[in-house]
Structures are given as structure tokens and as C-alpha cells.
Amino acid sequence: MSGKKTFIVEHLDPELGPWSELEYIAIAKESQATNTAFILSSLPDGFRVPTTLQDVEAFTAEKRGVEELYAGKKEKVCLLDPAAAKDLCPEDGEAFEAFLFGGILGDDPPRDRTSELRKKGFEGRRLGPKQMTTDTAVRVTRMVVQDKIALDKVSYTDFPELKFSQHESTEMPFRYVADKDGNPIMPEASS
Ligand SMILES: C[S@@+](CC[C@H](N)C(=O)[O-])C[C@H]1O[C@@H](n2cnc3c(N)ncnc32)[C@H](O)[C@@H]1O
């Protein structure tokens with residue numbers, strides 16, 4: 001099953017906050033660049049899909065939830081779940097067609113809202129022990145199942161400090177993929 005992969009983010013918040021929007025735009029652009037598909041599912045009535053997302057060919061906005069979208073082929077969907085017993089591995093790219101994520105902003109301590117998706121009974125895989133942002137979780141999954149990089153061979157940076165000014169900074173309590181200079185890959189702020 002090494003055909004085109006689909007990344008599904010089941011939107012679990014009633015609205016779309018500005019930071020989630022930037023994360024979704026980052027996922028859409030990377031899906032486009034890597035010939036994969038990105039579905040933002042379970043969108044409530046009246047949900048305003050930003051044009052920056054609509055303009056990306058790889059992106060689909062869906063009112064239906066993942067259970068309806070994959071009715072009768074549940075075994076093809078892998079839920080990325082911080083509480084799963086097994087870690088994701090490159091071979092999972094052959095076993096699954098779609099990878100499912102919680103459309104939730106990261107929180108500290110984690111509130112385990114992924115449990116809302118776990119209840120639906122999809123096979124789960126963990127991306128290691130540290131909480132990632134949703135766009136990072138999709139990025140790492142893509143690297144493992146498409147680029148066949150083992151989870152422990154991905155370059156990470158944990159809990160980076162973001163500096164806003166000389167005196168103001170904050171520690172981000174998440175794991176990110178590191179770029180070639182060791183900096184965390186984060187969504188680009190919109191211009
Ligand atoms: C920001 S995380 C949300 C974690 C959160 N604190 C919760 O309530 O579950 C968003 C999504 O990224 C994925 N994710 C993040 N870190 C993960 C990990 N270490 N293993 C598996 N999935 C992860 C999950 O699909 C999760 O629902």
C-alpha cells in the first residue's frame with residue numbers, strides 16, 4: 001500500500017484560532033510539495049476556510065468526520081496517538097493509507113484530547129514520548145512513512161526558547177523537527 005498518502009486532521013476545536021490556521025497552512029504547503037493529500041475533517045457548519053488554504057490544490061475541507069470518510073476501510077487509517085503502545089515505523093507506510101491527527105493546539109500539561117479520536121477504534125502509533133505540535137506530528141509522520149527515516153533518526157529540537165525581544169522569551173513545551181542549522185521548524189507567520 002505504498003500509493004499516495006493522505007494526512008487527515010480532525011478539527012476538534014469549535015473555531016479556527018490564528019495559530020492553528022498557520023499550522024494548517026504549513027501542513028497544506030508541505031502536502032502539496034510532497035505529492036500527498038491533506039484533509040481537514042469534521043468542520044462545523046459555518047466554518048470559514050481561509051483562502052490561503054483553499055488555494056492549495058492538495059488541501060480539502062470536509063464537513064464529514066473520519067469515520068464517515070473511511071467507513072468500511074477503518075483498518076487503512078492510523079491514528080497518531082501519544083498514548084499508543086507502538087511507535088510509528090517506516091513499514092507502517094505500507095500498512096496504512098491515511099494518517100489521522102487531532103486538530104488540537106498543544107497544551108502543557110497535555111490534556112489528552114486525542115482520546116476523542118482513540119475512542120473511534122483506529123489502530124494507533126506513537127511518535128515517541130514527547131508532545132509535538134500538530135504540524136510537527138504530520139511532518140515527522142511524513143518523514144517516517146514516505147521518506148523511510150526511522151523515528152529515532154529524525155533530527156529534533158526539544159523545548160526551544162523563542163525570543164521576542166532582548167528581555168522577553170518563552171520556552172515552547174514541545175518537540176520540533178530541527179532544520180539544517182538546528183533551529184526548530186515552525187509555521188511561517190502570515191505576511
Ligand atoms: C498538539 S498535539 C495534541 C496533544 C494534546 N495535548 C492532547 O490533548 O492530546 C496534536 C496531535 O498531534 C499528534 N501528536 C503530537 N505528539 C504526538 C506523539 N508524541 N505521538 C503521537 N502523536 C502525536 C496527535 O495526533 C495529537 O492529537
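Note that ligands are numbered from 1 as they come in the structure, with each ligand's atoms numbered from 1 the same way. The chain is numbered in sequence order, starting from 1. Since the model is a prediction, treat every value here as computed from it, not as a measurement.
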If a pair satisfies side-chain hydrogen bond (donor to acceptor under 3.5 Å, both in side chains) and one of its residues is in residues 16-29, list it, with sequence neighbours excluded. H11-Y24, W19-E23
For E97, is there an ion pair with K5 - N to carboxylate O distance below 4.0 angstrom? no
Enumerate donor-acceptor pairs with a distance under 3.5 Å from any side-chain N or O in residues 43-58 to protein atoms, sequence neighbours excluded.
from : atom 1 : to  : atom 2 : distance (Å)
D45  : OD1    : K63 : NZ     : 3.3
Q54  : NE2    : V49 : O      : 3.1

Using residues 105-117 as the side-chain source, report each donor-acceptor pair under 3.5 Å to any protein atom, sequence neighbours left out, with the distance given to one decimal.
from : atom 1 : to   : atom 2 : distance (Å)
D107 : OD1    : R111 : N      : 3.3
D107 : OD2    : R111 : NE     : 2.9
D112 : OD1    : R118 : NH2    : 2.8
D112 : OD2    : R118 : NH1    : 3.2
R113 : NE     : E116 : OE2    : 3.4
R113 : NH1    : D13  : OD1    : 2.8
R113 : NH2    : L12  : O      : 2.8
R113 : NH2    : D13  : OD1    : 3.3
S115 : OG     : D112 : O      : 2.7

Judged by atom type as modelled, is there a donor-acceptor pair below 3.5 Å linking the side chain of E62 to the main-chain atoms of R64? yes
Charged N to carboxylate O under 4.0 angstrom, R126 versus D81? no
List, for ligand 1, each N/O atom that has a protein N/O partner under 3.5 Å away, with both atom names and the distance.
from     : atom 1 : to   : atom 2 : distance (Å)
ligand 1 : 6 (N)  : D107 : OD1    : 2.6
ligand 1 : 6 (N)  : Q131 : OE1    : 2.8
ligand 1 : 8 (O)  : D112 : N      : 3.1
ligand 1 : 8 (O)  : R113 : N      : 2.5
ligand 1 : 9 (O)  : R113 : N      : 3.2
ligand 1 : 9 (O)  : T114 : N      : 3.1
ligand 1 : 9 (O)  : T114 : OG1    : 2.6
ligand 1 : 16 (N) : M132 : N      : 3.0
ligand 1 : 19 (N) : G128 : O      : 3.1
ligand 1 : 19 (N) : K130 : O      : 2.9
ligand 1 : 20 (N) : L127 : N      : 2.9
ligand 1 : 25 (O) : L80  : O      : 2.6
ligand 1 : 25 (O) : G102 : N      : 3.2
ligand 1 : 27 (O) : G102 : N      : 3.1
ligand 1 : 27 (O) : T114 : OG1    : 2.7

